[in-house]
Amino acid sequence: MDIKFCIQCGNSTHLTIPEMDTHHRHQCQTCGFIHYQNPNIIAGCLVYHREKVLLCKRAIEPRYGLWTVPAGFMENGESTRAAAIRETREEANAMVELKDLFFIANLVPINQVYMLYLAELVNEDFYAGIESLDVQLFSEQQIPWENLAFKTVEITLKKFFQARQNNQFELHEIEFKADRSVIWF
Ligand SMILES: [Zn+2]
């Protein structure tokens, strides 16, 4: 993002490599404040209940009307686990018992890191939060594969059902590169 004015003093910034730094930054020409921009972490849950998983139909852009797992940007002062639980409560009003980390995706072109935990649904009293049009449990056969919001969701769900079959839930890590290729680790 282009930052034209200093968030500290309101004067103009310029793009420069500050002393002792290796990257270009928007630095204030008056007070010297450096506006660092770093990747954002998106934390969420792959919520399961018996043989089904919980998906939310998005009531917000981007990808309005498509299905996704409950996930969202971490807040300051929060852990990834706390963020995953909070997002699941906000988007699906679902109570979960958080398990292991299951999936990490580095979305390099958009400067995001996506972290999904396995989470067991505690009860079936879930309902759509303000950012969802609908929340439902889906078996593997019922998943709306053609109407998933993001490629990462499709990959995660496929890995989950594979893992279930083999009863082996190890962590999966992938990287989406700028040239759109995908690397698996
Ligand atoms: Zn300034």
Side-chain angles (χ1 to χ4, degrees), residues 1-47 55-94 96 98 100-119 128-133 135 148-156 171-185:
M1 195 194 3
D2 210 24
I3 298 171
K4 291 195 174 67
F5 301 103
C6 178
I7 61 163
Q8 197 115 285
C9 75
N11 286 300
S12 300
T13 65
H14 65 147
L15 196 60
T16 181
I17 300 176
E19 227 176 294
M20 314 280 282
D21 205 334
T22 49
H23 287 67
H24 278 91
R25 317 280 181 194
H26 292 95
Q27 184 171 22
C28 179
Q29 302 195 65
T30 306
C31 76
F33 186 79
I34 301 168
H35 301 76
Y36 293 100
Q37 298 189 78
N38 300 97
N40 288 308
I41 295 174
I42 294 172
C45 290
L46 180 44
V47 182
L55 297 178
C56 305
K57 194 176 193 180
R58 290 172 66 84
I60 48 168
E61 294 291 353
R63 317 291 165 91
Y64 181 96
L66 298 180
W67 293 89
T68 189
V69 294
F73 290 107
M74 273 180 84
E75 299 289 355
N76 289 339
E78 193 174 55
S79 69
T80 50
R81 284 182 168 265
I85 291 171
R86 176 183 52 73
E87 288 290 341
T88 303
R89 205 168 289 158
E90 283 175 11
E91 294 179 8
N93 291 289
V96 294
L98 213 60
D100 292 336
L101 186 61
F102 181 64
F103 190 73
I104 296 183
N106 279 270
L107 312 180
V108 175
I110 55 172
N111 307 313
Q112 291 178 356
V113 179
Y114 186 85
M115 298 177 68
L116 275 190
Y117 289 88
L118 291 173
I130 196 155
E131 292 181 5
S132 308
L133 297 169
V135 179
L148 296 177
F150 305 104
K151 185 78 186 165
T152 44
V153 175
E154 184 191 329
I155 292 172
T156 311
L171 176 65
H172 297 279
E173 184 186 346
I174 65 171
E175 183 178 325
F176 288 83
K177 299 186 58 100
D179 64 7
R180 290 175 164 266
S181 62
V182 181
I183 299 175
W184 292 82
F185 297 96

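Counting starts at 1 for both ligands and their atoms, following the listed order.
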Please determine whether side chain to side chain contact (heavy atoms under 4.5 Å, CB included) holds for the pair Thr68 and Leu55, giving the CA-CA distance in whole Å, both sets of side-chain angles, and the decisive distance to 0.1 Å. CA-CA 5 Å; Thr68 189; Leu55 297 178; over 6 Å; no
Check: Val182 main-chain N/O paired with Glu175 side-chain donor or acceptor under 3.5 Å: no
Please step through salt bridge (charged side-chain N to carboxylate O under 4.0 Å, His left out) for the pair Arg86 and Glu78, ending with a clear verdict. CA-CA 10 Å; Arg86 176 183 52 73; Glu78 193 174 55; 2.5 Å; yes
Excluding sequence neighbours, so at least two apart, what forms ring-ring contact (aromatic ring centres under 6.0 Å, His included) with Phe33?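 By the ring-ring contact (aromatic ring centres under 6.0 Å, His included) rule, Phe33 matches His35.
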If you draw a sphere of radius 2.8 Å around the Zn ion (ligand 1), how many protein N/O/S atoms end up strictly inside it?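 Near the Zn ion (ligand 1), the number of protein N, O or S atoms below 2.8 Å is 4.
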Side chains of Phe73 and Glu87: closer than 4.5 Å at any heavy-atom pair? no
For Thr80 and Tyr117, test the side chains for any donor-to-acceptor distance below 3.5 angstrom and give the result as yes or no. yes
